[in-house]
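Following: one structure in structure tokens, then a few remarks.
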Amino acid sequence: MTHALVELKELVLQKASLQDLVARFYKLEKRGSNYATCCPFHGEKTPSFYLFEQRFFCFGCKISGDVIDFVRQREGVDFKGALIYLADLYGISIPPVLLGASSGYSDNGSQATNTWIQNQENSSDKKWAVDRTRAFRLMQAASLFFQDELSHSHSGVAAANYFLSRGFSQSFQQEHGVGFAPGQGLINHLRKLGAKDDEIIALSLGGKRASDQSVFDFFRNRLMIPISDQWGRVIAFGGRTLEKDQEPKYLNSKETLFFKKGKILFGLAYAKPYIREKKEIIIVEGYMDALKLWHLGLKNCVAVLGTALTEDHLRAIKPLCSKVYILFDGDGAGFKASMAAARLAIGFGHFDMRVGSLPRGEDPDTFVTSQGVDALKDVLAKAQAAEEYLFEQLLKDDQNLNSSSMPMLEIIKSDIFPWLAVSLDPLKKGYLLARLSEKTGIKLSDLELGLKNQEIHNAQARSFKNAQQNFAGVASQGKTPIIKENPRDIPPASAGQNPSNISGGAGRFTPSALSQSRVGPERGSKTYPQANASLQRGGEEIASIQKNLPKPKYKLTQSEIEILGHLLYLSPTEKHEREQIRAWRQGNLGLLPGNWGNLCDAWMLKLDSHISPLDDPFALAELKEDEEILSFIERLLSMKKAFPQEGRRKRLERLFIADQVRELKKELSRLKGRLDPAQRSSSQEEEQILMQMGILSKRIGEAMRQLSSLK
């Protein structure tokens, strides 16, 4: 921990009051000499969350800590982010060195600098000094000005009546700081408080006329909705027009260093406890939609602010929930935004993303006003999973699959395979491919091959990017590059296997250590004797060294030994064989962990550069000083006869097919287990499982026939 961080921690603990902080969010009850409330971190009706001076403890979920721990748990930030949040809240000066990259806290963009806010309207490099705390106070002053205008000015009363006519209550209006921006007045008000014109412009509260350089109010004659960051501090405004001929209908503040539309979700600070409680979030397009859902009791709702859903948005809500409902407008723009959100969610992972569909021309506000909250809840209950939604929309009769002049398979490759390839659930993939085959008449085997090629392409792109970064990073130092390890290439740990140290073993990897391959119930002859018989032919020399040495922590299979051996002896002219091994490596079969995967990738990279791995087989091992791999390579170099070029193509094909059969059988066994009613959630899931089992059985049969033909 740095000296600056230690000092800030001491100041925070001296000044911050745990009781004061908790009371800002939850109602406290006096319990003897202490206070209690319902725990913010697990659902309960009877208070069991107790405050003991500067410590808290929950007798229900057993969580405990000090004021810093409370902020970390509630806001989902790291230690540094919690300190900066508390320092801001209690007016403690923050050392500039700590404002670079506070995890979580800097996500909203407001912590990019402590001293400067750049004028967004000016293209020059001129900057105005605006202290961060001062900037937040100016924004809060503007919010109070708008609220006062709504309550006391003649035009403001008309705006308040309009807001009430939208179905909101006066208490709701006051709770959420709704206000009114007159034609002018804010700038003079802020000037009286000591604000400079440059500061007002930098915060998007004013603009400058080109004609005479005079400053004018940015918002005029609009109903004003304050936009807060995830901490509840006002950082921007949204203005809704009250005049028929005034454009645009909705106007948001310009982006500043405090306000980034692609990072901020409207209402997150307010909705956070409800999102955490339900583990679900509803994302809508506009703040009026979010306000209406809040008013009707759906308080786990937020809104994007005139931009598409982004990864920054998803990262902001990741600590809070596991399920996301997208509920965008029922028009062309809403449809495109929903499609983009579904694609984003599939690539992002983590969430169970559901997409709700509103009738054409409706938005959440108008729909719930006319149909009621129960009808909206029904829409959410029927929301489709992101993959299912994309699939259905792309296969609609009025979509380009049936109207385009492009071949249908090419359209599927460009519109469906890219997002389906990143989905990690093989059951969903198999089910959607089967439906796609049924819908289009394209052979299932052709679709499976196309998807597999897309997955290989994605993996190659990742591998190439890693290689580029690695070579660029070490070439200038005169070192031999290492192919960076992709975390997804490491299989889960099994009994007796430690992923963090799988390259090591007891002593050196001596020649007979190659013998410790995982040949057993899953990989041996009892499982599929025909496949095993074909594997044994040509591998006698490898099998002969399997004796009398301690087992390494990662035991290479016989297939892995043979494939690495053939890879070492490949010449750059054997392109077909190289692509066979590449497909194995980038697919689900070649998940070599740690340095084993690095070794394979390094040799592949040499072949791609028209260099034989035999020219420098030890490059990676010397750099890593991995004695196990060094011994493995030494042994391979003495076994040239075991990896002849003649018949190599057919040999590799037999190895791959046998491994595929093994993996298919494992998946089939897993699906059989999921047929247990206790493990499945619906009859639709049972239908998907049965369909996928049929597909797998068919593929196993085809693979076994291929294997027999290759004898």
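All residue numbers in this chain count up from 1 along the given sequence. Only a predicted model underlies this, so the values are computations on that prediction, with no experimental measurement involved.
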[X] with [Y]: basic N within carboxylate O range, under 4.0 Å:
X    : Y    : answer
D197 : R191 : yes
D365 : R166 : yes
R435 : E392 : yes

Do you know which two heavy atoms are closest between [X] and [Y], and how far apart they sit?
X    : Y    : result
C39  : F49  : CA-CB, 3.6 Å
C301 : A271 : O-CB, 3.5 Å
R134 : G194 : NH2-O, 2.9 Å
H176 : P226 : O-CG, 3.4 Å
A342 : Y389 : CB-CD2, 4.4 Å

Taking C-beta and beyond as the side chain, do [X] and [Y] meet within less than 4.5 Å on heavy atoms?
X    : Y    : answer
L21  : V71  : yes
L186 : L205 : yes
I275 : L268 : yes
Y270 : E175 : yes
L223 : F163 : yes
L89  : R24  : yes
L314 : D312 : no
E387 : L432 : yes

Return yes if some donor-acceptor pair links the side-chain N/O of [X] with the main-chain N/O of [Y] below 3.5 Å, else return no.
X    : Y    : result
E255 : K261 : yes
H189 : A142 : no
K272 : Q230 : yes
H313 : L309 : no
E199 : K196 : yes
S151 : D148 : no
T310 : G262 : yes
N300 : E280 : yes
N252 : G239 : no

Verify whether one side chain among [X] and [Y] offers a donor that lies under 3.5 Å from an acceptor in the other.
X    : Y    : value
D20  : Y90  : yes
D212 : S214 : yes
Q147 : S143 : yes
S153 : S155 : no
R240 : Y162 : yes
H42  : E44  : yes
Y26  : R74  : yes

Check the pair M353 / I346 against side chain to side chain contact (heavy atoms under 4.5 Å, CB included), numbers first and verdict last. CA-CA 8 Å; M353 175 75 81; I346 293 170; over 6 Å; no
State yes or no: are the ring centers of F237 and F146 separated by less than 6.0 Å?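 Judged by ring-centre distance (under 6.0 Å), F237 and F146 do meet the cut-off.
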F266 and W294 aromatic centres sub-6.0 Å: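 Judged by ring-centre distance (under 6.0 Å), F266 and W294 do meet the cut-off.
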F328 vs V355, side chain to side chain contact (heavy atoms under 4.5 Å, CB included): CA-CA, chis, key distance, verdict: CA-CA 8 Å; F328 289 165; V355 183; over 6 Å; no
Going from [atom1] on [X] to [atom2] on [Y], what distance comes out if it is rounded to the nearest 0.5 angstrom?
X    : Y    : atom1 : atom2 : value
I235 : K260 : CD1   : NZ    : 10.5 Å
L28  : T37  : CG    : OG1   : 5.5 Å
K254 : I201 : NZ    : CD1   : 9.5 Å
D229 : F259 : CG    : CZ    : 11.0 Å
N221 : L242 : CG    : CG    : 7.5 Å
L436 : I412 : CG    : CD1   : 4.0 Å

Kindly indicate, with the supporting measurements, whether the criterion side chain to side chain contact (heavy atoms under 4.5 Å, CB included) is fulfilled by R220 and Q184. CA-CA 7 Å; R220 301 180 299 279; Q184 57 183 1; over 6 Å; no
Sequence-distant partners of R137, salt bridge (Lys or Arg N to Asp or Glu O under 4.0 Å), two or more places apart: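 For R137, no residue satisfies salt bridge (Lys or Arg N to Asp or Glu O under 4.0 Å) once neighbours in sequence are set aside.
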Is it possible for you to check whether R222 lies under 6.0 Å from the centre of the six-membered ring of F180, through NZ or CZ, and within 45° of that ring's axis?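 Pair R222/F180 does not count as cation-pi.
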Cation over ring face, K292 and F168, 6.0 Å, 45°: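 Relative to the ring axis of F168, which defines the angle, K292 lies inside both limits.
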Criterion side chain to side chain contact (heavy atoms under 4.5 Å, CB included) on L83 and F79, from CA distance to verdict: CA-CA 6 Å; L83 282 183; F79 178 78; 3.5 Å; yes
